[in-house]
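Along the sequence shown, residues carry numbers from 1. Hydrogens, waters and symmetry mates are skipped; everything else that's a heavy atom, side chains included, is used. Since we're looking at a predicted model, the values are computed, not measured.
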Amino acid sequence: PFAFDAGDVGPNVVVLTVTDACGNSSTCTTIVTITGSPVIGIAKRPTNVTNNGNGSYDITYEINVENLGNVSIDSIQVTDDLTTTFPTPCTLNILEITSDDFIVNASYNGDSDQNLLLGGDDMDAGEKGAILLTVQIDNCGNLGPFFNEAFVEGIAPGDLMVSDTS
């Protein structure tokens with residue numbers, strides 16, 4: 001090939017032929033290895049806040065994850081520590097966690113289990129996915145603001161760990 005792109009990540013056989021002005025030529029074959037560029041990104045935003053009228057609030061978060069690199073990323077995990085966001089005296093209940101793109105962890109509680117996913121998901125280059133998380137908070141003693149981050153990590157080729165924070 002004359003040029004390489006993301007589709008050529010890995011070893012590539014290259015045949016080089018050189019011809020001089022007299023017409024003499026020589027050919028050699030070599031392997032050119034193109035390395036990947038693994039990049040993962042995460043963004044988190046509240047999409048709905050409902051005042052339940054009894055001092056509690058339901059908050060729905062959308063967490064978007066995207067493989068921004070040019071190689072696949074395996075073992076995707078998203079974590080979210082809600083106890084730092086809603087500290088004591090807040091009470092916290094997980095109402096729902098769903099995803100059409102990932103296998104969610106039904107045991108996630110935002111405290112002792114901070115893994116939103118089971119951890120076996122893979123993402124091809126350019127692939128995107130979303131998680132919806134609905135929590136109920138009560139007895140917080142103030143109305144915020146509350147700042148929260150989610151964290152994503154995965155394993156790229158060569159066992160390279162990639163991560164991002166929302």
Side-chain angles (χ1 to χ4, degrees), residues 5-10 33-166:
D5 61 25
D8 298 308
V9 171
T33 301
I34 306 300
T35 57
S37 179
V39 181
I40 195 162
I42 188 168
K44 181 178 182 179
R45 68 185 181 108
T47 59
N48 189 48
V49 177
T50 302
N51 182 342
N52 295 323
N54 60 1
S56 71
Y57 290 82
D58 295 350
I59 306 167
T60 300
Y61 292 102
E62 179 182 64
I63 303 164
N64 293 295
V65 178
E66 184 174 357
N67 181 345
L68 300 164
N70 63 0
V71 294
S72 294
I73 299 175
D74 302 328
S75 306
I76 304 292
Q77 184 55 266
V78 175
T79 58
D80 192 348
D81 179 0
L82 293 175
T83 60
T84 59
T85 304
F86 305 110
T88 303
C90 289
T91 56
L92 173 70
N93 292 306
I94 305 301
L95 300 180
E96 185 175 40
I97 178 172
T98 62
S99 178
D100 292 336
D101 308 297
F102 302 109
I103 302 170
V104 297
N105 174 12
S107 299
Y108 170 79
N109 62 20
D111 184 8
S112 61
D113 189 344
Q114 298 176 6
N115 293 331
L116 288 160
L117 306 177
L118 290 181
D121 293 289
D122 302 331
M123 296 182 83
D124 291 331
E127 192 174 356
K128 302 175 184 179
I131 303 163
L132 293 176
L133 171 65
T134 304
V135 301
Q136 184 175 81
I137 59 166
D138 198 2
N139 300 317
C140 288
N142 69 54
L143 299 177
F146 298 104
F147 299 100
N148 179 249
E149 293 181 327
F151 179 78
V152 64
E153 66 182 7
I155 301 172
D159 291 328
L160 177 65
M161 185 67 69
V162 291
S163 63
D164 189 34
T165 302
S166 64

Step-by-step side-chain contact (heavy atoms from CB on, under 4.5 Å) determination, I131 to Y108: CA-CA 13 Å; I131 303 163; Y108 170 79; over 6 Å; no
For [X] and [Y], work out which heavy atoms get closest and say how close.
X    : Y    : result
D164 : G41  : OD2-CA, 3.3 Å
N70  : S37  : OD1-N, 2.5 Å
S166 : I42  : N-CG2, 3.4 Å
E66  : M123 : CA-CE, 4.0 Å
G129 : D101 : CA-OD2, 3.4 Å
G36  : V71  : CA-CG1, 3.5 Å

Working to the nearest 0.5 angstrom, can you tell me the gap between [X] [atom1] and [Y] [atom2]?
X    : Y    : atom1 : atom2 : answer
L92  : C140 : CG    : SG    : 8.5 Å
T91  : N139 : OG1   : CG    : 4.5 Å
D80  : D111 : CG    : CG    : 11.5 Å
I137 : C90  : CD1   : SG    : 5.5 Å
Q136 : I94  : CD    : CD1   : 10.5 Å
F146 : T85  : CZ    : OG1   : 9.0 Å

Spell out, as yes or no, whether a donor-acceptor pair under 3.5 Å connects the side chain of [X] to the backbone of [Y].
X   : Y    : answer
N93 : V135 : no
S75 : I155 : no
N51 : G53  : yes

S72 and D124: CA distance, side-chain angles, deciding distance, side chain to side chain donor-acceptor pair (under 3.5 Å) verdict: CA-CA 4 Å; S72 294; D124 291 331; 3.1 Å; yes
Between [X] and [Y], is any pair of side-chain heavy atoms under 4.5 Å apart?
X    : Y    : result
I76  : I40  : yes
E96  : T98  : yes
L116 : N105 : no

Positive for side-chain contact (heavy atoms from CB on, under 4.5 Å) with T60, one of L95, T134, T50, L133: T134
Criterion side-chain contact (heavy atoms from CB on, under 4.5 Å) against S99, the qualifying member of V65, V104, I63: V104
N54 atom CG: more than 12 heavy-atom contacts under 6.0 Å: yes
D159 CG: over 12 foreign heavy atoms closer than 6.0 Å: no
Criterion side chain to side chain donor-acceptor pair (under 3.5 Å) on D58 and N52, from CA distance to verdict: CA-CA 7 Å; D58 295 350; N52 295 323; 2.9 Å; yes
